[in-house]
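Following: one structure in structure tokens, then a few remarks.
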Amino acid sequence: MAIVTYRDALNQALREEMQRDADVFLMGEEVGVYQGAYKVSRGLLDEFGPMRVVDTPITELGFAGVGVGAAMAGLRPVIEFMTWNFALLAIDQLVNSAAKMRYMSGGQVGVPAVFRGPGGSALQLASQHSQAFESYYAHIPGLKVVMPATPADAKGLLKSAIRDDDPIVFIEGEMLYNTKGEVPEGEHVVPLGLADVKRSGGDVTIVCHSKTVSLALKAADELAGEGIEAEVVDLRTVRPLDSETILSSVARTHRCVVAEEGWPFAGIGAQVVDTVQREVFDELDAPVFRVTGADVPMPYNKHLERAAKVDAGKIVAAVNQVLYRERDE
Amino acid sequence: MATTAPARSRPRGGLDPARADVYRDWLRQMLLIRRFEEKAGEAYSLGKIGGFCHLYIGQEAVAVGSLAALGPDDYITCSYREHGHALARGITAQTVMAELFGKAAGSSKGKGGSMHLFDASLGFLGGHGIVGGHIPLATGMAFAAKYRGTEQVAVCYFGEAAVNNGAFHEALNMAALWKLPVIYLCENNRYGMGTALERASAIYDISERASSYDMANEVVDGQDVLIMYAAMERAVQRARGDKVPTLLEVRTYRFMGHSMSDPIHGHYRTKEEVEDQRKRDPISVWSQRLIAEGLTDEAAVKALDKAIIGEVNDAYQFADEAGDPEIEELFKDVYADS
């Protein structure tokens, strides 16, 4: 299998789906002539032309709504937000238009659109450019929220998202674009709504998604050196949540840690904890612990930023807590 | 207080007798909307209709005249004051009334209500409840028409209060930039809820907003159905033929309150103003014109009105007797497979 970056895996998915279906087009800021702010759309303008790779003014609310309208008319738009930070300007179109159209039309009008772009914490970009918003969208019935952690999943999930008949919030890891991994060539489709066990282990379950998957794997490596085998469950799709995979893992390990980049209050982890305590309460040997970003706007200063962000060490510490384990320092 | 300014242009000469059936049908449609809305107001007072209910009384010529200029494949989106547009587009009075009553036989199976009427088979893609939020949607439908190379146009109806909103400007800029076949039809009924136009907008002539985007625009007298039709026909020609957008500022007046909870006059407008505006009732304007030109007579108008009242009463009875959606419907239509 070819070794491909996360960015190029997304590019492959876009190209293949645009080749497969003439109704698929890409719209957003700098997607065409500039080749994408993060180069995800590199080469697509040359191949598909300006009607299918559409550069927009900086007008998130406007072009998100254009995407919803085009989808209502039967096209399959892929709307790129330069980052999900800027998409807050468009949230009315995602929440009030895209998510609700099928329901309030009594099933007549769907919105088969993908809204995609980078999210999560970045590097020293300070408060407005370094945020995780998946819990905002996962809250909304009618939306699906997809967050790939690896190049292979990035490709396979984006292909599924484009083919899906519902509006998809597809949040890419801003710090993952350069990461590399094996990616199957050609038709590689990962179904939405299925978590993936990225590492098996019997002592503790670490539930994670997007960038925290690599952090959890790093933590698991560290723990393995101390004789603790962690199972790393990558949600891949935050909504719909694959409860079955989470619960069957926790039922085996009896301990659970949930990691996410977002803030603690009403985060994705809170939803996972709710599910776990309700469904497998009797299997738990310890309370479920959460690892989140600090409950503050992201600071610019390097040391403060490090303190605010999730890292492998914080995941290891949480695992030690649920194992009631004193760690040798 | 400023009143509705006269329109720039009025067609001269008599009506075309060959189109007498069309003209009479416009009267029928306007009367249907008027009687329907009166009945909806009555049903609301009886608690048969819940939530918000925004009546279209006074603005009938706008929906009827403009929709008459569209083709069957064109796209239509509206704000939440859209009962009239739905009826003029051809959704039956029974289906619209059933939706207002929240019944399974309604246009959205009772899940949308007064503000969210849809009929995809008629290209009627919604009443929308967030002021200005649907303006980009119509722009996207026009984008889809251009993308596919069809002859379709998209029309977006909204009130004058929406033009101070970012969605309006963002959408108009893209439509002009990309030369999209879309018509932005601003129904300037003078008040955004209780705020008069001049208390909310830095400029009085909304049509001038189009100049920011080098977009064709017209001011239209929305109380005269023929003037409305003629202006819309020009806009449709620009969209379908020249592939460019238009902003129509249509001057009209809402004879009722903003919603059922708002009295007809009170804090923000006087009784005298409303009475003065009622002198240009679009239905009287048009019926008098047809009578004057010998295309109908008083007796025929009365008979037509009587038949429409019967149709509306039937719609009321149909809606009243129709069943609620099954409880299983609660979780259906959230996703494509639900």
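Below, read A as the first sequence line, B as the second, and so on, with proteins coming before strands; counting in each chain starts at 1. Since the model is a prediction, treat every value here as computed from it, not as a measurement.
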What part of [X] is in contact with chain A, defined as an atom under 4.5 angstrom from a non-hydrogen atom: side chain, backbone, both or neither?
X	answer
B:Glu329	backbone
B:Asn173	side chain
B:His169	neither
B:Lys146	both
B:Tyr75	side chain
B:Ala120	both
B:Met174	side chain
B:Leu177	side chain
B:Leu125	both
B:Leu172	neither

Should we say atom [atom1] of [X] is surrounded by more than 12 heavy atoms from elsewhere, each under 6.0 Å from it?
X	atom1	answer
A:Glu244	CD	no
A:Gln277	CD	yes
A:Phe86	CZ	yes
B:Met193	CE	no
B:Glu326	CD	no

Please answer whether the main-chain N or O of [Y] pairs with a side-chain N or O of [X] as donor and acceptor at a distance below 3.5 Å.
X	Y	value
B:Asp333	A:Arg102	no
A:Gln108	B:Ser121	no
A:Gln93	B:Gly133	yes
B:Ser108	A:Met104	yes

Is it the side chain or the backbone of [X] that comes within 4.5 Å of chain B heavy atoms, both, or neither?
X	result
A:Ala64	neither
A:Ser97	side chain
A:Val54	side chain
A:Pro141	both
A:Val109	side chain
A:Leu143	backbone
A:Asp23	both
A:Ile140	backbone

Is it the case that the ring center of A:Tyr103 lies less than 6.0 angstrom away from the ring center of B:Phe331?
no

To the nearest 0.5 Å, what is the distance between CG on A:Asp165 and CG on B:Asp337?
9.0 Å

In Å, rounded to the nearest 0.5 Å, how long is the span from OH of B:Tyr147 to CZ of A:Arg52?
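Going from the OH atom of B:Tyr147 to the CZ atom of A:Arg52 covers 4.0 Å.
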
Taking all heavy atoms of B:Phe143 and all of A:Ala70, pick out the closest pair and write down the distance.
CD2-CB, 4.4 Å

Out of B:Thr77, B:Ile135, B:Leu330, which one racks up the most heavy-atom pairs below 4.5 Å with chain A?
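Of the candidates given, the most pairs with chain A belong to B:Leu330.
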
Would you say the side chain of A:Lys100 lies within less than 4.5 Å of the side chain of B:His128, judging by non-hydrogen atoms?
no

Mind checking whether A:Phe63 and B:Glu170 have side chains closer than 4.5 Å, heavy atoms only?
no

Between A:Thr56 and B:Trp178, is a side-chain contact (heavy atoms from CB on, under 4.5 Å) present by the stated rule, with each step listed?
CA-CA 10 Å; A:Thr56 66; B:Trp178 296 336; 3.9 Å; yes

Picking from A:Asn96, A:Val68, A:Leu75, which has the most non-hydrogen pairs under 4.5 angstrom with chain B?
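Of A:Asn96, A:Val68, A:Leu75, A:Leu75 has the most heavy-atom pairs under 4.5 Å with chain B.
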
